[in-house]
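Report on the following structure.
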Amino acid sequence: DAGITQSPRHKVTETGTPVTLRCHQTENHRYMYWYRQDPGHGLRLIHYSYGVKDTDKGEVSDGYSVSRSKTEDFLLTLESATSSQTSVYFCAISDNRNSNQPQHFGDGTRLSIL
Amino acid sequence: QKEVEQNSGPLSVPEGAIASLNCTYSDRGSQSFFWYRQYSGKSPELIMFIYSNGDKEDGRFTAQLNKASQYVSLLIRDSQPSDSATYLCAVSNYQLIWGAGTKLIIKP
């Protein structure tokens with residue numbers, strides 16, 4: 001299994017509070033991704049990173065920010081959490097962004113915003 | 001808008017039969033095609049990938065790609081109850097686009 005660790009695995013918090021999710025990899029892969037998964041929507045890309053300090057937006061980036069200060073760590077921050085951000089969040093990694101490279105996923109974080 | 005479409009299911013198949021899962025995509029420039037399996041409450045795991053037209057076999061799994069018709073299929077032979085899961089299709093043209101998944105139920 002790809003060495004990807006997400007923390008925390010579960011979190012319950014209140015509307016308006018900041019939340020940071022962490023993804024840590026031991027594979028030395030260049031690309032890292034944050035997705036959210038909601039019933040009926042499948043996986044939707046929030047942000048991705050193609051190197052240290054290099055990040056870009058995905059299709060559902062509003063309300064989220066990311067940072068990558070080291071190859072192995074990719075942080076997702078909800079500056080002021082809203083109930084619509086209740087979801088399961090997955091981190092994924094890939095060796096490069098060429099079409100033929102699959103992504104491998106962490107175990108996910110289940111986030112509830114009350 | 002690039003799209004990947006899958007029937008949400010559930011698709012119910014008797015144990016031992018062939019399960020056939022289908023996926024259509026809109027971007028004709030798509031180059032790589034992936035099938036992931038996701039058990040309830042778990043993360044997606046890669047089953048197979050295919051790049052060229054035709055069939056690709058791996059054990060009980062066969063991926064079929066038809067670029068002219070813009071569809072990709074996954075066949076599971078000798079279906080087992082442990083195959084019950086949601087199967088996600090993902091299609092890439094440098095950007096990976098995901099289908100919403102098909103729920104498969106294998107009935108003993």
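Order of the sequence lines sets the chain letters (A, B, ...), proteins ahead of strands, with each chain counted from 1. Since the model is a prediction, treat every value here as computed from it, not as a measurement.
Residues B:F34 and B:Y71 do not share a hydrophobic cluster, clusters being chains of Ile/Leu/Val/Met/Phe/Trp/Tyr side chains in contact below 4.5 Å. Follow the hydrophobic side-chain contacts under 4.5 Å out from A:V52 and you never reach A:L76; the two are in separate clusters. Clustering ILVMFWY residues whenever any of their side-chain heavy atoms sit less than 4.5 angstrom apart, transitively, puts A:F90 in the very cluster that holds B:L46. Cluster membership check: A:F74 shares its hydrophobic cluster with A:V60, using side-chain heavy-atom separations under 4.5 Å among Ile, Leu, Val, Met, Phe, Trp and Tyr.
Atom CD of A:Q6 and atom OG of B:S43 lie 8.0 Å apart (nearest 0.5 Å). Atom CG of B:L96 and atom OH of A:Y33 lie 7.5 Å apart (nearest 0.5 Å). A distance of 8.0 Å separates OG in B:S92 from CD in A:Q103, rounded to the nearest 0.5 Å. Rounding to the nearest 0.5 angstrom, the gap separating the CD atom in A:Q37 from the CG atom in B:L88 is 6.5 Å.
For B:Q38, the part lying under 4.5 angstrom from a heavy atom of chain A is the side chain only. Interface remark: A:E59 contributes no atoms to any contact with chain B (heavy atom separation under 4.5 Å).
Within residues 98-108 of chain B, the residues having any heavy atom closer than 4.5 Å to a heavy atom of chain A are B:W98, B:G99, B:A100, listed by residue number. Residues of residues 107-114 of chain A that come within less than 4.5 angstrom of chain B, heavy atom to heavy atom, are A:D107, A:R110 in numerical order.
Heavy-atom neighbours of B:K2 NZ from other residues, nucleotides or ligands within 6.0 Å: above the threshold of 12.
Listed by chain and number, the residues in a side-chain contact (heavy atoms from CB on, under 4.5 Å) with A:K53 amount to none (sequence neighbours excluded).
The disulfide (SG to SG under 2.5 Å) contacts involving residues 67-108 of chain B comprise B:C23-B:C89, where partners must be two or more places apart or lie in separate chains.
Residues B:Y36 and A:L43 form no side-chain contact, since every pair of their non-hydrogen atoms from C-beta on lies 4.5 Å or further apart.
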